Amino acid sequence: MSATAEMPAVTRFAPSPTGSLHLGNARTALFSRLWAARTGGRFILRIEDTDVERSQPRFLAELLADLAWLGIDWDEGPGIGGPSAPYAQSERGALYARLFTQLEAGGFAYPCYCTAEELELSRKLQRMSGKPPRYAGTCRVLTRDQRAEREHRGLKPTLRFAVPADRILSFQDSVHGPQSFASNDIGDFIIRREDGTAAFFFCNAVDDSLMGVTRVLRGDDHLTNTPRQLMLLDALGLRHPGYGHVGLLVGVDGSPLSKRHGSTSVREFRERGFLPAALLNHLFRLGHASDIDGWLAPGAMPAHFRPAHLGRAPARFDEAQLLHWQKEGVERMSLAEVGSWLGAGDPPEFVELLRHNVTLPADAAAWRKVVGGELPPLGESERGVVSAAGPGFFAAAAAAFDQAPSDLKQLTRILKDRTGRKGAELYMPLRVALTGLQHGPELGPLLKLMPPDLARRRLSHFARNHAQDS
RNA sequence: GCUCCCUUCGUCUAGAGGCCUAGGACACGGCCCUCUCAAGGCUGUAACACCGGUUCGAAUCCGGUAGGGAGCGCCA
């Protein structure tokens, strides 16, 4: 639309390897990737693993695998490298150290010797007296001697950013429009932890700028954090990326997406047999209005991604809609693809037969049982069908089966002559007796796949007036 | 508590003062097709949170109310 929206965008996804890929993160990763792709820019993957306690190699491997499964690839980052390497923040310590000294030298930051307990208490007190819980600034005014004394006592300081007074921080949010915040509402915040590692506000902002990111797309939860990062960048003389904050992904009840809403990670959907393209199509339309409603092959998504149509309101993740895309995805697979997706080594004729009746691999398992195993007990409606047909019908059916085993066409012809029934009245009781259900793949081929004695048994079972007891 | 954000059919959304008796998609109902389901075709139900204001005219602008959410962490 506007000229800026079409300039090559450098975007990024900056996850922490502290768990498997969450749906909300997958969505912002997708949007960022698409934004870069649509404008001919670059997409960077950066690993924010400064929290050594929670970051684990196992999670990183999962993260990369989840991204790969979704088909979200990156132009710079782990495994590829690039001009801004390294792309793991745990390896960028030396760089951060230089910037910390620069900030301290310029008077933009100061060591803070307050302990976690002291800070906790201070916040509690502030809350109780109805004040916003902000750092009181205790260590900001320490003299050189006072600092030396604390060092001498063996206290290890954190580094705090000295938030300037009376400043208004304004920026143009690409999703929310113009924003502005007062620096007086913001307390001095920690940019380096006691253990010397860089804190989120710092390394996240600094790396975005240093890596040449031009469009930061992230969740709404970061909107009020943005002014801190702006001040930090200003103190360092680094340029600001553009920011865009998309509405959060929430559960069907509108509360933050959590376990009780069911599956919330990409991995869970993958394990349940969802297709990556299906998940992508759903995510693509959550908090985003594309110009077309129908199925999009992942490769076509960049052309239909509209950054100007990113949503401010939270979007509910409704699995019913994902199911729709899943059906679309299954319909679009080749026979061989469906076969390997089901992953059970089914014969091609079986796959061909049930492919339109299956949206998840679990559905196929049910049909496998229909063909070769036990039938589940009949439902109320199915019992109705059976008793309406009557035992005589099934006795005739069993007899007809003996004349034309496993041949539905012949069997129905004979049965039609003997009973005078036709259409649904003829087929439905047969379907229920043979499959236990009123719907499913074509009955003829289904019957051919069944062992003849099994089919015969199912028919004669209902000839003995067993409709009620099942 | 303070600061900030959000609010159109059940869901995802279109809509940037008249084109809106509010459009599309999913879901749901009906009809057609069909041995069934699905697919396909046709069709139906269903929303501007509320109250004021500005205006000839408001879903769209302004103010307030309500309800949701986020941030204020040595988590990211």
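Computed from a predicted structure; not experimentally measured. Just so we're on the same page: letters track the sequence lines, and every chain starts at 1.
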Point to revise | For atom NZ of K327(A) and atom P of C37(B), their distance in whole Å | key: 14 Å
Review point. If you look at every strand shown and take non-hydrogen atoms under 4.0 Å, does I190(A) touch a base, only sugar-phosphate, or nothing?
Key: base
Study note, to complete from the structure: In whole angstroms, the gap separating P of C35(B) from CG of L434(A) amounts to 17 Å
Practice item. Nearest whole angstrom, please: distance from the C1' of U3(B) to the CG of D221(A). Key: 16 Å
Point to revise | Pair partner, C33(B) [Watson-Crick or wobble, under 3.5 Å] | key: none
Check your understanding: Which of these nucleotides, A14(B), A27(B), C72(B), is closest to any side-chain atom of H324(A)?
Key -> A27(B)
Check your understanding: When all nucleic acid strands are considered with a 4.0 Å heavy-atom cut-off, which category describes R306(A): base, sugar-phosphate, or nothing?
Key -> nothing
Point to revise | side-chain N/O R123(A) vs C74(B) OP1/OP2, d < 4.0 Å | key: yes
Revision key, fill the gap. Ranking C72(B), C12(B), U7(B) by distance to the side chain of L286(A), first place goes to C12(B)
Check your understanding: Aromatic ring centroids of F161(A) and F202(A) under 6.0 Å?
Key -> no
Review point. Given C72(B), A76(B), U3(B), which nucleotide is nearest the side-chain atoms of T224(A)?
Key: U3(B)
Practice item. Can you label the angle between the F394(A) ring and the F462(A) ring as parallel, tilted or perpendicular, going by 30° and 60°? Key: tilted
Practice item. Could you tell me the separation between the CH2 atom of W325(A) and the P atom of U13(B), rounded to a whole number of Å? Key: 13 Å
Check your understanding: Which value, in whole Å, describes the distance between the C1' atoms of nucleotides G64(B) and U21(B)?
Key -> 30 Å
**Study point:** Salt-bridge contact D346(A)-R355(A) (side-chain N to carboxylate O under 4.0 Å)
**Key:** no
Revision key, fill the gap. Against the side chain of H439(A), the closest entry in C74(B), C37(B), U11(B) is C37(B)
Practice item. For residues H222(A) and F200(A), establish whether the separation of their ring centroids is below 6.0 Å. Key: yes
**Study point:** Salt-bridge criterion met for E48(A) and R92(A) (N-O under 4.0 Å)
**Key:** no
Study note, to complete from the structure: Re A70(B): Watson-Crick or G-U wobble partner, both distances kept under 3.5 Å, found to be U3(B)
Point to revise | Nearest-nucleotide comparison on RNA chain B, the residue closer to the 5′ end among A313(A) and H282(A) | key: A313(A)
Check your understanding: With sugar-phosphate meaning primed atoms plus P, OP1 and OP2, does T158(A) contact a base, only sugar-phosphate, or nothing at under 4.0 Å between heavy atoms?
Key -> base
Practice item. Between C6(B), G15(B), C4(B), spot the one nearest the side chain of P314(A), thanks. Key: C6(B)
Practice item. Could you tell me the separation between the CG atom of D293(A) and the C1' atom of G24(B), rounded to a whole number of Å? Key: 5 Å
Point to revise | Ion pair check, R46(A) and D208(A), cut-off under 4.0 Å | key: yes
Review point. In Watson-Crick or G-U wobble terms, both distances under 3.5 Å, what is the partner of C61(B)?
Key: G53(B)
Practice item. Among C74(B), C5(B), G15(B), find the nucleotide with the atom closest to the side chain of H309(A). Key: G15(B)
**Study point:** Electrostatic pair R383(A)-E380(A), nearest N-O below 4.0 angstrom
**Key:** no
Practice item. Could you work out the separation of A25(B) and A46(B) based on their C1' atoms and round it to a whole Å? Key: 14 Å
Check your understanding: Atom CD of E328(A) and atom P of A38(B): how far apart are they, to the nearest Å?
Key -> 15 Å
Point to revise | Distance below 4.0 Å between H176(A) side-chain N/O and C6(B) OP1 or OP2 | key: yes
Practice item. Please determine, for the side chain of R127(A), which listed nucleotide (C6(B), G1(B), C4(B)) has the closest atom? Key: G1(B)
Check your understanding: Picking from C72(B), A76(B), U11(B), which would you name as closest to the side chain of R316(A)?
Key -> U11(B)
Practice item. Answer with yes or no whether Q321(A) presents, from its side chain, a donor or acceptor under 3.5 Å of a partner atom in the base of U11(B). Key: yes
Check your understanding: Which whole number of Å gives the distance between the C1' atom of U45(B) and that of C31(B)?
Key -> 15 Å
Practice item. May I have the distance from L248(A) (atom CG) to U7(B) (atom C1'), rounded to whole angstrom? Key: 15 Å
Check your understanding: Say you pick atom P in C72(B) and the same atom in C9(B); how far apart are they, in whole Å?
Key -> 31 Å
Check your understanding: How far does the C1' atom of C50(B) sit from the matching atom of U8(B), given to the nearest Å?
Key -> 14 Å
Practice item. Could you work out the separation of C26(B) and G17(B) based on their C1' atoms and round it to a whole Å? Key: 31 Å
Exercise for review: Identify the nucleotide, in any strand shown, that forms a Watson-Crick or G-U wobble pair with U11(B), with both distances under 3.5 Å; if there is none, say none.
Suggested key: A25(B)
**Study point:** Spacing between D220(A) atom CG and G68(B) atom P, to the nearest angstrom
**Key:** 17 Å
Review point. Say you pick atom P in C12(B) and the same atom in G69(B); how far apart are they, in whole Å?
Key: 15 Å
Exercise for review: Pick base, sugar-phosphate or nothing for C114(A), based on heavy-atom distances below 4.0 Å to the nucleic acid.
Suggested key: base
Practice item. Before accepting this row, confirm whether a basic side-chain N of the pair R332(A)/E328(A) lies closer than 4.0 Å to the acidic partner's carboxylate O. Key: yes
Exercise for review: Check whether any side-chain N or O of R193(A) sits under 4.0 Å from OP1 or OP2 of A76(B), and answer yes or no.
Suggested key: yes
Check your understanding: If you measure from the C1' atom in G30(B) to the same atom in A66(B), how many Å do you get, rounded?
Key -> 39 Å
Check your understanding: Which part of the nucleic acid, if any, lies within contact of R431(A), taking any heavy atom under 4.0 Å across all strands shown: a base, the sugar-phosphate backbone alone, or nothing?
Key -> base
Review point. Is the phosphate of A76(B), meaning OP1 or OP2, less than 4.0 Å from a side-chain N or O of T50(A)?
Key: yes
Practice item. Could you tell me whether the side chains of H245(A) and D220(A) share a donor-acceptor contact shorter than 3.5 Å? Key: no
Review point. Checking all strands, does F201(A) fall into the base, sugar-phosphate, or nothing category for heavy-atom contacts under 4.0 angstrom?
Key: base
Practice item. Consider the side chain of R228(A), meaning its heavy atoms from C-beta on, and name the nucleotide among C72(B), C75(B), C4(B) that approaches it most closely. Key: C72(B)
Check your understanding: Which part of the nucleic acid, if any, lies within contact of Q179(A), taking any heavy atom under 4.0 Å across all strands shown: a base, the sugar-phosphate backbone alone, or nothing?
Key -> sugar-phosphate
